[in-house]
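Here's the structure, in structure tokens; my notes come after.
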Amino acid sequence: MYSFEEIKKLLQISICKGYEAELRIYLYKKEYMIIIYDDHCSFQRCGYKDGSGEQNYSNLDQLYTARQVDNIILQKDWKNIDNLECIDFDMLDLW
């Protein structure tokens, strides 16, 4: 499993190469996503009809420590991640 610091570096590499990477996180039998943009990043729940609960942050460190949808705090919950997927990381051969 990758640490948050390792994932943070991969997300930063992807945005520097022009990819707005969408990192899928499987946690507590639900799917979430971190998306990195040139000027911010976001966290959201995927595929739920009651809304994504998307939150935007100026940087990945803020996202990591903030309370998210479903009371996820990545700093606390990172160790419980079942799987990570990112097509952009695959295309860039970052994994």
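Keep in mind that the numbers below use all heavy atoms, side chains included, and drop hydrogens, waters and symmetry copies.
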Next on the checklist: Looking at K76, I want to see if its NZ is surrounded by more than 12 non-hydrogen atoms of other residues, nucleotides or ligands under 6.0 Å.
Outcome noted: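 Atom NZ in K76 is crowded, with more than 12 foreign heavy atoms closer than 6.0 Å.
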Please tabulate, one pair per line, all N/O donor-acceptor pairs under 3.5 Å involving side-chain atoms of residues 85-94, not counting sequence neighbours.
unit_1: E85; atom_1: OE1; unit_2: Y26; atom_2: OH; d: 3.0
unit_1: D88; atom_1: OD2; unit_2: E22; atom_2: N; d: 3.1
unit_1: D90; atom_1: OD1; unit_2: W95; atom_2: NE1; d: 2.8

Roughly how far, to the nearest 0.5 Å, is [atom2] of [Y] from [atom1] of [X]?
| X | Y | atom1 | atom2 | result |
| --- | --- | --- | --- | --- |
| N56 | S42 | CG | OG | 5.5 Å |
| L27 | I72 | CG | CD1 | 4.5 Å |
| E6 | L11 | CD | CG | 12.0 Å |
| K8 | L63 | NZ | CG | 11.0 Å |

Next on the checklist: Looking only at the aromatic ring of each residue, does the gap between the centers of Y57 and F43 stay below 6.0 angstrom?
Outcome noted: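 So the answer is no for these two rings.
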Item to check | Working for salt bridge (Lys or Arg N to Asp or Glu O under 4.0 Å), residues K29 and D82 | outcome: CA-CA 8 Å; K29 301 186 190 264; D82 294 319; over 6 Å; no
Checklist entry - Hey, is the main chain of Y64 close enough, under 3.5 Å, to the side chain of W78 for a donor-acceptor pair? => result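 Judged by distance alone, no pair lies under 3.5 Å.
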Item to check | Side-chain donor or acceptor of N59 paired with backbone N/O of D61 under 3.5 Å | outcome: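 Looks like yes, one N/O pair under 3.5 Å.
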Next on the checklist: Does any part of the side chain of Q44, heavy atoms only, come nearer than 4.5 Å to the side chain of V69, both counted from C-beta?
Outcome noted: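 Heavy-atom side-chain distance check fails, nothing below 4.5 Å.
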Next on the checklist: Just so I know, are the side chains of K30 and I25 near enough to count as touching, which here means a heavy-atom distance under 4.5 Å?
Outcome noted: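 When only atoms from C-beta onward are counted, I25 and K30 do not touch, as no gap falls below 4.5 Å.
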Checklist entry - When clusters are formed by joining ILVMFWY residues with side-chain heavy atoms under 4.5 Å apart, either directly or through shared neighbours, do I35 and I7 land in the same one? => result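 No, it is not one cluster - the side chains of I35 and I7 are not joined through contacts under 4.5 Å.
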Checklist entry - Does L23 belong to the same Ile/Leu/Val/Met/Phe/Trp/Tyr cluster as M33, with side-chain heavy atoms less than 4.5 Å apart forming each link? => result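 Per the 4.5 Å side-chain linkage, L23 and M33 are not co-clustered.
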Checklist entry - Given the rule in the side chain to side chain contact (heavy atoms under 4.5 Å, CB included) test, do R24 and E31 qualify, once you have shown the distances and angles that lead to the verdict? => result CA-CA 7 Å; R24 292 186 181 273; E31 183 180 352; 2.3 Å; yes
Next on the checklist: Under a plain distance cut-off of 3.5 Å, with no hydrogens placed, do D77 and Y28 share a side-chain donor-acceptor pair?
Outcome noted: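 The criterion, which ignores hydrogens and geometry beyond distance, is satisfied for D77 and Y28.
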Next on the checklist: Between S14 and I36, is the side chain to side chain contact (heavy atoms under 4.5 Å, CB included) condition met? List the steps.
Outcome noted: CA-CA 9 Å; S14 70; I36 188 157; 4.0 Å; yes
